[in-house]
Structures are given as structure tokens and as C-alpha cells.
Amino acid sequence: MKNFRFAVLAGAIGIVSLTSAAAAEDITIGLATAQTGGLAYADQPSLAGFKMAVDEINAAGGLGGKYKIVLDIKDTRTDTAATVQAAQELVAAGVKVMITPCDADPSIAAGQISQPAQIPTLTFCGTTPTITEAVGDYMFGTYPADNGQAALLADYAAKKGYKNIYVLKSPDSAYTLRLPEYFEEVFKKKGGTILGEGTYTMGQQDFAAEVTKIKALSPQPDAIMTAAYEPDFPAFLQQLRGAGVTAAIIGSDGIDSPTITGLGAIANGIVHTTAGSPVAGSKLAAFYDKFKEKTGAAPETVYVATGYEIPYILDAAVTAAGSVDGPALRDALANLKDVEVLTGKVTYAGTNRMPIRDITIVEIQDGKRAPVVTAMPDPADVPKP
Amino acid sequence: MDIVLQQIVNAISLGGIYALLALGLAVIFSIISLINFAHGELMTVAGYGMFFAAAVSLPFPFAVCVAVLFAVIAALLTERLAFRPMRKADATGLLLTSFAVSAILRVIFQNGISARPKPVPLPSGFAGVIDLGVLHVGIVPLLSIVMTALSLASLTLFLNRTTLGKAMRAAAEDFQVLRLMGIKANRVIAVAFAVSGALAGIAAVLWIAQRGSVDPLMGFVPVLKAFVAAVIGGLGSLSGAVAGGFALGILEVLFQAFLPDAALPFRDAFVLGFVILILIWRPDGLIPAPVARRS
């Protein structure tokens, strides 16, 4: 008797859930991202862009023209344990796609929850190329990976004729440690010499001792390469120039912020990578205008644009798959090729799910950034993660 | 030789900032046994003060005044709204209150202003360098040293020459007796917070002069350094805080400069290891407070 009741109940629940699933062809995307805490600087703008794209896609009929997107947004407070918990809740709620924070550690932790549930998972702007391999075949990057950025920068440095480069890195994060190491690998392969290596503690912002060492180098380096970002990078730069070191500076996308151009004359000549540069007349510039019109404030960072691109990447995948079924969507994503987005083209086919995409190198002059080159890094150059 | 001299200048300049920060903590701890972990957020408030001042294109010296003023106001507000209602609580309760104030302020900054760093433009001369023969002293380190010296001198004058200053020193020794003498507790405590806020504001200006931006989480590292410095110096002791600040700055620069490259990533472990040695040698700190206090 008990069993019978249970069966009826289970049947009833089944019918209810079937009808609700069939009533509307919705796709729930779960976002376990850091809207407060140390990663909010990246995840907040990414989410703002993401939401804007979702609204547009829904207005046009939904993903692949038929799946209306419903968002389930959870704040992870930049805490890895909270990220895992949010991921578990989202998986239990039956989301079809999951978005994880802009950093390797929480993304890998969340991915390990969504991977067994066969939920395609994308990191907002995690750049560490090992994210996808550490999780598995449902994990995708979206942002230019560290090794790609490094390869393009090393190529630039070699073409520029730099021979001796000093590298400054911090073991405190994969980004600040590995990106310069990828750079060293490629630059040495291209015939350059690494004159020396320095280390710093993130957030320390006192570089006097390090700068005094660089100043004492003989010969002086042609350039200094680092993946340091705020607040370390401006502090380093001020103290370096203050000590009278004139070597060129090669940086990464972490310094793509208004603070750097706000530093005045000492920022002149800095070269760094970015996901995209809003040159007048470009798609990205048009997007920035549209965003400003909608929200009243111009985007403070390119993360708004890269966040905006993700639903469109998903749209391309759903269109190709014709369904929002986990395995089908995974295969479709993994085979995407030359998807046109704001900042150029994105390709997953032939990668380990960290996309190959256009990266721009910009140079700062008089408070403005001018693009030097926009290119996909040569796959032969890109170091193994 | 000149590299050693250069590093000594570096150490004094960094130590000076730490001294100001530790002093800000010590001024309050000496009176109400509160380690104010929201001290870093006072610096952030000062930073936003500079940012807003720059946004309405106030000249830099005025921006500095605005920054210090913002920090003082924020310190007085946190005292009035958070710490005064909790004054009867024990040391742990006060400590937790300061964590709460700190967390609330950070979320307000992130969601009310921006999660992104805001640039604080500095006068173009700031990246310059002054040549003193063998020594090259950057403008910012020089400014740090001068401002630290001025702040310490004026604080000493204030504590020794004014009635309120004397009341604060008396409060640090025995608050109950001070109240019996008819001095208003609220007034002394409010002044302590104002002084602490001013110190945070000045330290913030020097800290931001190095980094060129203000962000919501900026206060975390400095308050941690300040806490370590205050402990080395002797919690609650004002001269101890200054000594502790300089000791920490000198240790950090020395280890950064002279550790072998392979050991450099572990610099902080060496520094903190040395701090432990200091505390084994002098458990109450370099210059202990006149009345032993423990939380």
C-alpha cells in the first residue's frame, strides 16, 4: 500500500515536472560568480555584460531562436567553499549551463561539481590555461588564455628587437607567476635572453628593494616583462621610473584599466595585451556606446564586453546543436569555429577548450591606448599549459 | 655601499608608513582595548575622498586635506554608530564589531561606488627623483619620510602640550581614575578616534601615492601590517607602535634586498619568523605599554 502511494506521488511529481518543462522551452543558466569580495572587480562587470546580452537574445526569441534564458544568479563572495556550495545548489536546481568566476581556483572547484552532472560550464574570464584540463570535457574557457597572451607578447618583443629582458613575477597567483614564465619560454625560443627574475608579494606595493636591484643590473634590460596588476603594477612603475630606470615595460591584460593611463607621463610607452580595444568605428566601440546609453555609465573594463560575448557564444553552440542537452551542447561548443564576437573571432575547435581568439596589443601614449596589433597567437608559439 | 644606503632609505620610508598605521591602531587600543580592524577601511574612505576631490579638479594639497577630513569623519561615525553602543562589551565583542564594520564598509564601497579600482591622479612630479650624490631618493619615499616625521612631531606635541592630549595619555593609563577626575569619557574616546582617523588619512595619502588608485578592498594589507607592527612594538604603547612600524619596515626591506633569489618568494615567512623571535625575546613587545593589557 505504501509503495502504491509512493508510486502515485512519484508519478504525479513526474507529470507536474514534465508539463512545466514542456510548457515553455526555457533554459536555465546558473551563475556561481563573485559579486562581492576580491573577484568582484572582474565578476561584477562580466555579469553586467552577460545580462545585457541575455536580454537581447531573449527579445529575439532565445538561444538558438527558441530557448528563452532564465538566470539563476548566486554570489560566491570570492570564497571557494561558497562557490562549491553555489554550484551544488545550481546543479540540484537543474541548470543546463553554468558560469563560474573569473579565476582558476573557484572555477575548477565549481567545474568538478558540474562535470559529473554533464553541465557545460564556462568561466567568466579565468585565463589559466589549465582550468579546462583540470576539470574535464564540460569545462570551457572564454577569455584569452595566459599562454596565448604570453606568446603574442614574446613575439612582439622579439620583433621589436629586444635582446635582454628582466621578468618580474609573483608566486601568489597562477596568473602573476605562469604568464611571465610562458613569456620566458617563448622569448628564449625566439633567441632572447632573460637577464634576471624578480619576485614580489601581491598587495605589498613596496618595490623599493626590487627596483634598487634592477637599477644595479649591468647591462640594463631592454625591457621588463610582468603580469603584475593593480595595486602592484602602478606602485612598481612609479618606483622604477623614480629610480631612473628607463627600460620598456611589457605587461598583460591585468593592467587594462583607467588607473594605468591616469598615471600620466610615466605610463607612456607601456605595451600590454587586452581582450579588445575600442577603436573608433569598431564593433566594440559601438557596444561601449550602447552600454553607456542603457546604463548611463561607460564600461570601466573590457570584462563587460567579454561577459556580453558569452551568451552569444552559447547561442552559436545551441544553434549548432539544435538542443540544450548537456552532451550535445558540449560537442557543439567544442567544435565552434570563428564565431564573430565584439572583439574578434573565437574558436574552440582543435583546442583543449581554452579558446583561441584574437588578442590585441596596445601601447599607452599620453593617457590613451593605441592598438599595435590584433592577432591570434601562432599555435606553434603557444607553450603547453 | 650606496646600495646599502639606498635600501636604508627605502626601509625608513616604508617603516614610516607602517608606523603611522600602527599608531592609529595603538591610539584606540590604549584607551578602549579595541583593535580596530576597520582602520584599513578608514584609509579606503580617505582614498575615495582623494578620488572625489580629483573628480571636481581640486588641486592636490586640497585633495589631501579632503582625504584626511573624510577619514576623520568616518572614524567619528564608526565610533558613534558602531563602537559606542558596544562599549560595555568585552574585548572580543569589540573586535568582532570592528570586523563587522570593516565588512559592511567594503560591501558598501563595492556596490555603492564600484568594484573596480578608481584612479587617483597624482601630480606629475611624483615619479621624480632627487639626486643626493650617491643616493637617489624618489619624491614619494621622501614625502613619506617627511610626512611621517611631521605627523609624529605634531602628535607628540598634541599629547604632551594640550589638555585633551594629556587626558588621552591619562586615559591610556587608567580610564576609571580619569573619569573620576571629571573628564568626559565620550569626549576622550571621540578624540582618540579622530586622531586615529587623521593618522589613517595621512597614511592613505602616502599609500595611494604609490599605487595611483583606490579600490574597495585596499585597506586589508595595511591594517594587517599595522597589527603586526603594533604587536611587535607592544600593544597599546604609542612609542612602541612607532618602533614596531619601523622594525617591520626595516625587516621587510632587508629580507627583500638580501635574501637569495630562491628564498625570495618566502620573504614574508622570514619576516614573520623574525617577528616571532622578537616576541620570544620580548613577549610584551619592544616598548610595552605602561599598564599591561591583554585582550
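Just so we're clear, the structure is a prediction, and the values are computed from it rather than from any experiment. In what follows, chains are A, B, ... by sequence order, proteins preceding strands, each numbered from 1.
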Over 12 non-hydrogen atoms of neighbours within 6.0 angstrom of NZ in K74(A): yes
Residue part contacting chain B, namely of T201(A), when any heavy atom lies under 4.5 Å: side chain
Test side-chain contact (heavy atoms from CB on, under 4.5 Å) applied to R116(B) and Q44(A), step by step: CA-CA 9 Å; R116(B) 305 279 310 169; Q44(A) 270 193 12; over 6 Å; no
Check: Q210(B) side chain, F207(A) main-chain N or O, donor-acceptor pair, under 3.5 Å: no
Heavy-atom proximity to chain B below 4.5 Å, by part of Y303(A): side chain
Option in G264(A), G262(A), G203(A) with maximal non-hydrogen atom pairs under 4.5 Å from chain B: G203(A)
Part of L264(B) within contact of chain A (heavy atom distance under 4.5 Å): both
V253(B) portion near chain A, given a 4.5 angstrom heavy-atom threshold: both
Contacting region of A209(B) [heavy-atom separation from chain A under 4.5 Å]: backbone
Worked verdict on Q256(B) versus D206(A) for side-chain contact (heavy atoms from CB on, under 4.5 Å): CA-CA 10 Å; Q256(B) 181 75 32; D206(A) 175 65; over 6 Å; no
Qualifying residue for side-chain contact (heavy atoms from CB on, under 4.5 Å) with P119(B), from I260(A), T259(A), T261(A): T259(A)
Atom CZ of F220(B) with >12 non-hydrogen neighbours under 6.0 angstrom: no
Pairs of heavy atoms under 4.5 Å with chain A: top-ranked of S13(B), S114(B), A103(B): S114(B)
Inter-residue atom distance T78(A).OG1 - L217(B).CG, 0.5 Å rounding: 8.0 Å
Atom group of P258(A) that falls short of 4.5 Å from chain B, counting heavy atoms: both
Best-contacting candidate, E197(A), Q35(A), Q204(A), E230(A), against chain B by heavy atom pairs under 4.5 angstrom: Q204(A)
Closest heavy-atom pair and its distance - A257(B), K213(A): O-CE, 3.6 Å
Contact leader toward chain A among K118(B), R211(B), E252(B), R106(B), where contacts are heavy-atom pairs under 4.5 Å: R211(B)
Residue F258(B) excluded, over 12 heavy atoms near CZ under 6.0 Å: yes
Heavy-atom check, side chain of Q7(B) versus side chain of T212(A), under 4.5 Å: yes
Heavy-atom closest contact (Q110(B) atom, A40(A) atom, distance): NE2-CB, 3.5 Å
